[in-house]
Structure formats: C-alpha cells, structure tokens
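These numbers come from a predicted model, not from an experiment. A, B, ... follow the sequence lines: proteins, then strands. Residue 1 opens every chain.
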Amino acid sequence: MAEIKEIRIHGRGGQGAVTYAQLLAISSFYEGFETQAFPKFGVERRGAPVEAYCRISKKTINLRSQVYNPEIIVVLDSSLLESIDICKGMQSGGILIVNTSKKLPNEYHTHKVFTVDASHIALEIFKKDIVNTAMLGAYASVTKELSLKSIFKALEERFKRRPDLIEKNKRAVSAVYHLIQ
Amino acid sequence: MPRKVIEASTAVAEAVKFCKPAVIPMYPITPQTHIVERISEFINDGDLDSEMIHVESEHSALSAAIGSSATGVRTYTATASQGLALMHEVLFVASGMRLPIVMNVANRALSAPINIWNDHSDSMAARDSSWIQLYVESAQEAFDTTIQAFKIAENKKVLLPIMVCLDGFTLSHVYEPVDLPQQSKVNGYLPKYKPSNILDVKKPVSLGPIGYPDSFMHFKKAQQDAMDNALKIIKKSNSEFKTRFKRSYGNGLIETYNLKGAKFAIVCAGSICGTTRVAVDELRKQGIKVGLIKIKCFRPFPKEDIIAACKKLTGVAVIDRAVSFGFEGPMFTDLKAAIFNEKKKPLIHSFIAGLGGRDVTKNDMLTIFKKISKTKKPITEWLLD
C-alpha cells in the first residue's frame with residue numbers, strides 16, 4: 001500500500017457519493033487507519049455528476065490538496081462512463097470498481113476492473129436504486145483492507161437517527177461483498 | 001471519549017457544546033452552515049442548553065451577541081465571507097465594549113465575482129477590528145482552538161472577542177479523526193465564565209456610551225494593551241491545554257516545523273500548512289534543509305516569535321491567501337515589518353495563492369522552495385498556473 005491511498009468516488013447528485021466517502025473514512029478508521037474524506041467542493045444538484053474523495057493511510061494525513069491521482073475509483077452510476085473521463089489521473093495499476101450489470105468495454109481493462117450489479121441488490125432491498133452503502137461491500141471485497149465488521153460499525157454510527165435503515169444497509173453491503181468478482 | 005471521524009464543522013459544534021454558551025445568535029451562510037445545523041441539532045436533542053436566536057442577518061447576529069455578552073453570559077456565533085463583511089461595523093462595537101464573544105469564521109472569498117470557496121480575504125479584511133484572530137489547520141485544531149478561544153477571550157487581562165478561522169470547505173467540510181474529551185476535562189480547563197461590568201437592572205450602568213476626545217484614546221490604548229497581554233495569555237492557554245489534553249500547537253502563536261538547521265522556510269496560515277508539511281518532509285528526505293513557520297495567531301501579531309523563528313534563515317516565502325489591493329499580501333507586509341529593525345534577516349518573498357478555492361498543492365510548495373533557494377532577489381508572484 002502506498003503511504004497514502006487516494007480514492008475517488010463518482011456518482012450523480014442524490015446517489016450518495018459524498019456519504020460513501022464519509023462512510024469509507026469512518027469504517028477504514030475503525031479498521032485502524034488514519035482517514036480523510038471530502039466532497040468536490042461545488043454547488044451540488046440532483047442528477048449532476050458528483051465527485052467525492054477519501055484518503056487512507058497508516059500515518060497521520062497532513063496533505064490537504066484535492067485528489068488528482070487516485071489509486072482506486074468507485075463508480076456508483078455507470079451512465080457516467082459515457083459522459084465523463086472516469087479514469088482521469090488514475091495511477092497505473094489502479095483499481096476501477098463499477099456498479100453495472102454489463103461488461104465494461106476493453107479500453108477500461110488497462111486497469112484492474114471489478115464490476116457488480118449493486119443496483120439489482122439495492123432495488124431488491126430498498127426498492128430504490130441507491131447503491132452507495134452497498135458499494136462499500138465492493139471496496140471491502142476488492143481491497144481486503146476493510147472488514148464487514150468495520151463497515152457495519154460505521155453504518156450504525158451514521159444511521160443512529162434512522163435505526164430502521166441499519167439492517168437493510170448491512171444486508172446490501174454483505175450481498176455486494178459476496179457477489180463481486 | 002475516543003477518537004471519532006467527524007466533519008470539521010461538527011468538531012467546531014462539539015467544541016461549542018463542551019463550552020456551553022448561554023446564547024448563540026446565528027445566521028447561516030455557506031460554508032459555515034454545517035456548524036449552525038449541528039448546533040441546532042444539539043439544542044433540539046437536549047444535548048446543549050443554549051438559547052439560539054434566529055436573526056435576520058449577520059449584522060443582527062453579532063448585534064444580538066453583543067447584547068447577550070453585555071449581560072454577562074458566554075456568547076458564541078459563527079459566520080463567513082459576506083456575512084463577516086455585513087458584520088463589519090459591529091465588529092468594532094464588540095471589541096470596543098471588550099466583550100469576549102467567540103466566533104468561528106469558515107473562511108471564504110468575498111464577491112464579486114460571486115465565489116463560495118476558500119481564501120482568507122474575509123477575515124483579513126477584518127484585521128484592524130481589534131478581534132483576536134486564530135487560524136487552524138485540522139479538525140482537531142479547530143475543536144481545540146475553539147475551546148481555548150473562550151478561555152483566552154474571557155481572561156480579565158484580555159477581554160477581547162476572538163475569531164477562530166477555519167478554511168471553508170477545504171477544512172470545514174472534511175471528515176477526519178478528532179479526539180473528543182470528557183466534559184469534566186473541558187470543565188477543568190475552562191472555568192465558568194465570571195463576567196465583570198455587566199448590564200444589570202439591579203445595578204444600572206452604561207456600556208459603550210460616548211467617549212469624548214479626552215477619553216476615547218485611552219479606551220483605544222487599553223485595547224492595544226489587551227492585545228499585547230493576549231500574546232502571553234494565548235501562550236499560557238496553549239501550554240495549559242497541553243498539560244491537560246496532551247496536545248498543543250507550537251507555542252499557541254506560531255508553530256515551527258522542521259525549522260532546525262533550515263535555510264529556507266514557508267510562512268503560511270490555515271489548512272495549507274498541512275500540505276506544506278508534506279512538501280517539507282519530502283525535501284528533508286532529499287537532504288534539503290527547509291521548514292515551515294505556521295502563523296496560528298495573526299492578531300495580535302506574534303512579532304517576537306517571528307523574529308526568533310527567522311533568525312537563522314536565508315530566505316522566507318510568505319504565502320498569502322488574501323490581497324491588500326494596491327499593495328501586497330497582508331501577512332507578507334506584517335512579516336517584513338516585524339523583522340525590519342533586525343540586523344540579520346532573511347530575504348522575504350511574497351506568493352499569493354489559493355484565492356477563491358484555487359487548490360494549493362504539494363507541488364506548488366516544492367516549486368516555491370525551489371524558487372526561493374535559487375534567487376538573490378525578492379520574488380513577488382501570484383500562483384496562477
């Protein structure tokens with residue numbers, strides 16, 4: 001692992017990319033890492049492309065500039081692949097994790113690509129295509145640097161005011177964790 | 001309580017909760033909004049027993065804070081950018097009446113053109129309002145400094161309002177680990193506020209009435225003396241904090257990083273200090289002797305500490321995130337003035353960076369170090385590329 005692992009999350013306004021980054025920071029902190037999460041600072045609108053970032057390190061994170069060269073990119077909405085340069089600045093040998101039921105075009109396979117149909121799981125569990133928490137399971141499964149236990153702890157903390165959502169989110173995380181390949 | 005990953009704005013709100021102000025008049029403005037929201041939640045949930053006054057503007061927010069503080073209760077507010085600009089005339093009333101109000105500023109650019117992102121033009125424009133100004137680098141420092149601010153402001157030798165400035169978005173919206181202490185520990189550090197000279201119907205007094213030419217200047221001199229006293233009290237509050245919480249930020253006024261044996265240093269304030277540390281570490285690994293001087297306290301300006309820090313340096317780059325239009329960066333001016341009468345002084349360079357949210361990167365810092373180590377003439381430059 002590089003001294004600081006940088007992760008970029010792509011979604012559309014309302015899909016929870018910012019929450020994803022926050023939950024990743026909280027759960028990775030429970031895993032024993034120092035973490036930092038922040039959104040792309042802008043004026044957010046529902047449906048518009050949104051980015052959020054996370055830094056994970058074994059040491060104190062002092063760096064406070066934006067993220068330009070992520071090692072891992074997580075895509076919550078595969079329609080973004082057609083509208084923006086998703087892999088911009090990605091480190092060579094980087095990991096691309098995409099929520100999709102389709103196979104990604106060959107051009108993406110210069111990276112380590114992982115796909116999972118998280119939308120299908122989300123529709124089943126939430127009756128809504130909200131995949132941000134589920135995709136935490138994908139990160140955990142792919143990197144092996146985050147346990148389900150730490151994610152669950154982060155979910156319990158995050159949804160303190162909505163306990164009805166905790167179990168459903170845990171189920172979604174587990175389902176994606178076991179499904180991704 | 002253990003360390004927790006929370007947003008820097010939440011850390012500020014938590015600090016306010018620990019300090020229990022009686023009155024909190026607030027008006028939301030980006031990027032300070034999350035602070036108001038969290039404090040509202042604390043009050044709603046019964047975790048904080050404060051009176052929140054929903055005001056119609058920032059001018060009213062600070063006016064209400066002045067009224068509240070004058071009755072002798074601990075008072076807090078927060079703002080940013082245009083909000084601080086709208087408060088401007090009342091800033092002087094708060095300090096002139098010697099009211100120990102604590103206010104967080106989530107630093108943001110001033111219009112026009114409209115810009116919601118981070119720089120220091122808002123608080124730097126309030127430099128001469130007789131408010132103490134402290135700048136922080138991390139969520140932990142935002143938490144710790146907000147608690148310290150009440151202690152400093154309420155000290156009888158100070159009695160001045162304080163702005164605790166945190167970079168809007170770049171810090172205010174960042175989630176990172178913060179150590180939240182036990183309430184009893186904060187109580188031990190920050191005693192209950194015991195005011196003097198308050199508005200009281202049983203013992204009527206006037207506060208801040210007219211000061212005629214024969215007395216006005218004495219009031220102003222007293223403010224200047226209070227600022228001088230603040231230099232000592234800030235240091236003391238920082239070291240007392242260290243004893244109790246095992247954390248400190250330099251001497252409370254400035255913090256030096258890797259300055260030992262350094263020939264060149266960057267001087268800056270706020271969150272970009274963190275990025276500078278990373279650049280310093282990288283150059284030190286290559287055997288290049290550079291360091292950082294972080295200005296935590298901008299007013300009162302820690303002149304003596306700056307002189308001591310600059311003594312052995314060959315070159316210093318001051319990075320300002322604000323401009324005094326028609327002249328130069330405000331910290332650059334101050335730093336030069338502070339060491340002007342010293343016999344041995346470094347060459348001082350000015351860089352204007354990160355206005356209106358323009359990102360300041362590690363590479364920017366590396367480039368600055370490279371430039372100042374290769375020149376014998378002072379550089380003045382805006383980082384535009």
Side-chain angles (χ1 to χ4, degrees), chain A residues 2-4 6-7 9 16-45 50-69 89 136 146 150-151 153-158 160-162, chain B residues 2-10 30-31 34 41 44-45 108 114-118 136-141 166-178 257 268 270-282 285 292 294 353-354 356-365:
Chain A
E3 198 157 289
I4 298 181
E6 294 186 320
I7 300 116
I9 300 102
V18 178
T19 305
Y20 183 105
Q22 292 163 0
L23 284 168
L24 184 57
I26 294 169
S27 50
S28 297
F29 173 73
Y30 286 134
E31 203 65 41
F33 293 105
E34 291 297 305
T35 60
Q36 187 191 71
F38 55 98
K40 180 167 188 167
F41 311 125
V43 187
E44 286 147 33
R45 288 165 297 137
V50 168
E51 286 176 30
Y53 313 94
C54 195
R55 287 195 172 102
I56 299 174
S57 174
K58 284 181 180 159
K59 291 185 190 159
T60 306
I61 300 169
N62 285 317
L63 195 64
R64 293 192 179 277
S65 55
Q66 289 163 30
V67 168
Y68 296 96
N69 303 113
L136 283 168
L146 180 59
S150 296
I151 297 176
K153 204 170 163 190
L155 289 172
E156 282 160 16
E157 185 181 315
R158 181 73 187 200
K160 215 166 40 190
R161 286 164 176 273
R162 291 293 307 275
Chain B
R3 278 174 96 217
K4 258 178 95 172
V5 172
I6 55 173
E7 198 182 42
S9 293
T10 305
T30 302
H34 288 184
E41 277 172 19
N44 177 65
D45 295 352
R108 164 186 152 185
I114 288 180
N115 179 293
I116 58 166
W117 295 275
N118 168 231
V136 302
E137 175 185 339
S138 66
Q140 184 72 64
E141 191 178 3
L166 71 156
D167 287 333
F169 290 118
T170 319
L171 181 58
S172 67
H173 284 49
V174 172
Y175 275 66
E176 60 185 16
V178 177
Y257 180 68
C268 56
S271 64
I272 63 168
C273 294
T275 305
T276 311
R277 286 174 204 270
V278 179
V280 166
D281 288 345
E282 197 170 305
K285 265 187 201 156
L292 159 73
K294 162 174 155 180
R358 177 71 70 94
D359 198 22
V360 183
T361 65
K362 180 187 77 182
N363 281 341
D364 289 333
M365 299 308 184

**Q** Which atoms of B/N363 come close to chain A, meaning under 4.5 Å heavy atom to heavy atom: side chain ones, backbone ones, both, or neither?
**A** neither
**Q** Rounded to the nearest 0.5 Å, what separates atom OH in B/Y175 from atom CG in A/L24?
**A** 13.5 Å
**Q** Are A/R161 and B/D45 side-chain neighbours, meaning at least one heavy-atom pair lies under 4.5 Å?
**A** yes
**Q** With sequence neighbours left out, write down each residue that passes salt bridge (charged side-chain N to carboxylate O under 4.0 Å, His left out) with A/E157, or none if nothing qualifies.
**A** none
**Q** Please look at B/T30 and chain A and tell me whether the side chain, the backbone, both or neither of the residue comes under 4.5 angstrom of a heavy atom of that chain.
**A** neither
**Q** To the nearest 0.5 angstrom, please state how far the CD atom of B/E176 sits from the CZ atom of A/R55.
**A** 10.5 Å
**Q** Under a 4.0 Å threshold between the charged nitrogen and the carboxylate oxygen, would B/D281 count as salt-bridged to A/K59?
**A** no
**Q** Can you list the residues that meet the ring-ring contact (aromatic ring centres under 6.0 Å, His included) rule with A/F38, with sequence neighbours excluded?
**A** A/F41, A/Y53
**Q** Between B/S271, B/P31, B/G354, B/G357, which has the largest tally of heavy atom pairs under 4.5 Å with chain A?
**A** B/S271
**Q** Testing the basics here: between A/T35 and B/P177, what is the closest heavy-atom pair and its distance to 0.1 Å?
**A** O-CD, 3.2 Å
**Q** Indicate the atoms forming the closest heavy-atom contact of A/S65 with B/T275, along with that distance.
**A** N-OG1, 3.6 Å
**Q** When rounded to the nearest 0.5 angstrom, what is the spacing between CD1 in B/I272 and CG in A/L63?
**A** 12.5 Å
**Q** I need the minimum non-hydrogen distance between A/Q66 and B/D359, along with the two atoms involved.
**A** N-OD2, 2.9 Å
**Q** Hey, is the main chain of A/F29 close enough, under 3.5 Å, to the side chain of B/R3 for a donor-acceptor pair?
**A** no
**Q** Under 4.5 Å from any heavy atom of chain A, what part of B/V174 do you find: side chain, backbone, both or neither?
**A** both
**Q** As an exercise: rank B/T170, B/I6, B/I116 by heavy-atom pairs under 4.5 Å with chain A and give me the winner.
**A** B/T170
**Q** Is B/C273 close to A/R64 at the side-chain level, that is, under 4.5 Å between some pair of heavy atoms?
**A** no
